[in-house]
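Would you mind keeping the following structure in view while I ask a few things?
Naming convention: chains lettered A, B, ... in sequence-line order (proteins, then strands); numbering from 1 in each chain.
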Amino acid sequence: MNWAVEQPWVLAGLCLSLLPLFNSGLGNTPQPYLSLLPADNVSVIISGLLRLLAMAAITGLVLGMAGLHRTEQSRERIGHGAHIVLLLDRSSSMDNTFAGQAANGKEEAKSVVAKRLLTEFVAKRNNDLIGVAEYSTAPLFVIPLTENKQAVQAAIAATSTPALSYTHVSKGLGMALSFFQAQPLTGSRIVLLVSDGAAALSSDDEQKLRIWFKEQQVRLYWIFLRSAGSPGIFDQPQDSRDDNAQAMPERYLHQFFSRLETPYQAFEAESPDAVKQAIANINRLENLPLQYLERIPKLDLSAHCYQLATLLILLLLGINFLKVKR
Amino acid sequence: MSDLLKFDYRTPCLSVALFAMLILWLRPMAVQKSPTYNFTVIIDITRSMNATDYPADTQAISRLEHVKNTLRQLIAQLPCESKIGLGLFTERRSTLLFEPLEVCHSFAEIDAAISHIDWRMAWAADSNIAKGLLSTLDMLQNSDSQIIFITDGQEAPPVNPNYRADFSTLKNKAKGLILGAGGLAAVPIPKFDEQGKANGFYTVDDVPHRSSFGQSNLDPSQIEGYNARNAPFGSAAVKGTEHLTALHEDYLKQLATESGLAYARLTDLAALQETLQTGSLAIEKPVATDVRWQPALLALAMLALIYWPRFFNLRRRS
């Protein structure tokens, strides 16, 4: 139990709760010399009780005003889910349709399709921690791994602004992997790469990525949004002279991912439906047991304090009417 | 005297206290107008923002670092229900990282995003601020969020006055503020190598000192070595001070006037807060506020009155 108050300075008012110790609150009676009367245990007890009631009432009011609450707690639970980093391609070709044309009224741009389907995907993943990274020529850190779905949705919504420049996938992957560094290793860790192109990796980058993927035990899903007529990730070169990373970066990137020592799966999507299918697949696959912290929100106790105070004041008033007056 | 003694003020006091508690339960919340904000902050991450001209504890920190620190302090102090969106500017345009998020609920995420902003996020190296501002206004013209565009006004390469950005269609479409970052004295711009290590400063030979795009704005007869097709800007090498950077306040004020935004200089948190409060950027929003403390205070006063110690008063009078 962690108790706290909103306004600590109000607690100074607790001094007031000592007042009933100095004044019984019963008033002076016209019969002046009480010492003449024999000591009466019942009276002492009743008078003490009345003082206690008053002290409790004052304490209740002060604690209520100070905003007593139980702080946010977290409880460890086992559920199904994953830690997912969405790595989104913001290269300018994402603003074209699957047919490779500028988006018009009939067909959606790839970025719009990705945005819509990812929004649905995130809404379905209740227990997951989700982070967002983007890349174009340079990687962009957007939202750290978080259970705050609103933040993730706001970041996905922002991808509808015009896309940026080129595709530098290795830096983006490095950024995405860095998200897991401070996270406990539980459940599955996933990088979900959504892109419409690839770039050749330098051997230096390849080596670093291979080590990082292994160290962080990250599984990789690649949703490749293939435009009509562009090379696919499963294409075989027709001419052996084209069989190099510069001519067929998609194929080579896929091969590199396949050689990683962590699980990897690629989805080549040539239409919005195929993207939907791929995301549904991932949604189904990634439900490993996950240790996660369930948040128990802050519990406001000031209402209870006020309730107590109200009750006690009512009681004191009632007792006050019992007094014999002359 | 005896009347005073006989008068029992306790009953009325307790009744008032009980009545106050009744009000407390009947009207726990009141709708009060309180200022909230809805900003989309666009931060310039071009190279000149690396210039270190904000004094800090031990050594000067870069403009970008100062902007990040100030913003992080600012969001910690914004009233709840305020919203902050974040974007970056480089080259000729800006991009949005996330749409405005409520600052109390999403504080950790916004804070992490701001702290991770780095000049290396720049997707291209030019710094055409007027065009960047234009693209920002265009992007946010239908948003109810207000723009805070933070830049030092250093155009790189310099802009040809013949081809200035035209704000006429977007003027006054969006409300907001241009925040000028940097000092007024020119300082060198740090250079970094491929690994991100500091590697000296840009020198006079590293940067173009005048625009060489399109038609020259000068009278051709005044240009040395002028050739309409091959050398519209003449043949003379121009050396200037574009390798140094200072806050171009006049230029930013001019951009602010053209685009219908306000201008302020970024110094410290207190000044920024004052600018935000006075600059009619606050949105008066009805916010349900807990007012239970008011009747509770009354009840407390009544109880204190009843139990206030009277060691001497009555006795002395009698």
Not counting sequence neighbours, which residues clear salt bridge (charged side-chain N to carboxylate O under 4.0 Å, His left out) with B:Arg47? List them please.
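With sequence neighbours excluded, B:Arg47 shows a salt bridge (charged side-chain N to carboxylate O under 4.0 Å, His left out) to no residue whatsoever.
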Give, as side chain, backbone, both or neither, the part of A:Ile143 having an atom under 4.5 angstrom from any heavy atom of chain B.
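For A:Ile143, the side chain is the part near chain B, not the backbone.
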Heavy-atom contact with chain A under 4.5 Å, split by part of B:Ile306:
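Its backbone and side chain both get close to chain A.
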Which bit of B:Leu297 comes within less than 4.5 Å of chain A, counting heavy atoms only: side chain, backbone, both or neither?
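For B:Leu297, heavy atoms of backbone and side chain both lie under 4.5 Å from chain A.
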Can B:Phe89 and B:Thr136 be said to form a side-chain contact (heavy atoms from CB on, under 4.5 Å), step by step?
CA-CA 9 Å; B:Phe89 157 75; B:Thr136 309; 5.6 Å; no
Under 3.5 Å, is there a donor-acceptor pair between the B:Gln141 and B:Asp138 side chains?
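Result is yes, a qualifying pair exists.
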Mind checking ring pair (Phe, Tyr, Trp, His ring centres under 6.0 Å) for B:Trp119 and listing every partner two or more places apart, or none if nothing turns up?
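Listed in chain order: B:Phe192.
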Taking every heavy-atom pair that is under 4.5 Å apart, which of A:Ser17, A:Gly64, A:Ala54 has the most such pairs with chain B?
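Most heavy-atom pairs under 4.5 Å with chain B: A:Ala54.
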Among A:Ile58, A:Leu16, A:Leu19, A:Leu312, find the one that has a side-chain contact (heavy atoms from CB on, under 4.5 Å) with B:Leu303.
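Going through the options one by one, the only one that passes is A:Ile58.
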Is there a side-chain contact between B:Phe98 and A:Gln153 (heavy atoms, below 4.5 Å)?
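They are not in side-chain contact.
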A:Ser302: partners by side chain to side chain donor-acceptor pair (under 3.5 Å), with sequence neighbours left out:
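If we apply the side chain to side chain donor-acceptor pair (under 3.5 Å) test to A:Ser302, skipping adjacent residues, the hits are A:Asp300, B:Arg292.
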Counting only heavy atoms not in B:Phe19 (residues, nucleotides, ligands), do more than 12 fall under 6.0 Å from its CZ?
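No - once you tally the heavy atoms of other residues, nucleotides and ligands closer than 6.0 Å, there are 12 at most.
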Chain A heavy atoms under 4.5 Å from B:Leu18: which part of the residue, side chain, backbone, both or neither?
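Both the backbone and the side chain of B:Leu18 come within 4.5 Å of chain A.
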Taking only heavy atoms into account, what residues of residues 76-84 of chain B are found under 4.5 Å from chain A?
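Residues in range: none.
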Residue pair A:Leu86 / A:Val194, side-chain heavy-atom distance below 4.5 Å:
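A side-chain contact under 4.5 Å is absent here.
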Between B:Ser135 and chain A, with a heavy-atom cut-off of 4.5 Å, which part of the residue counts as in contact: side chain, backbone, both or neither?
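When you check distances to chain A, no heavy atom of B:Ser135 falls under 4.5 Å.
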So which part of A:Ala303 gets closer than 4.5 Å to some heavy atom of chain B, the side chain, the backbone, both or neither?
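Looking at A:Ala303, backbone and side chain both touch chain B.
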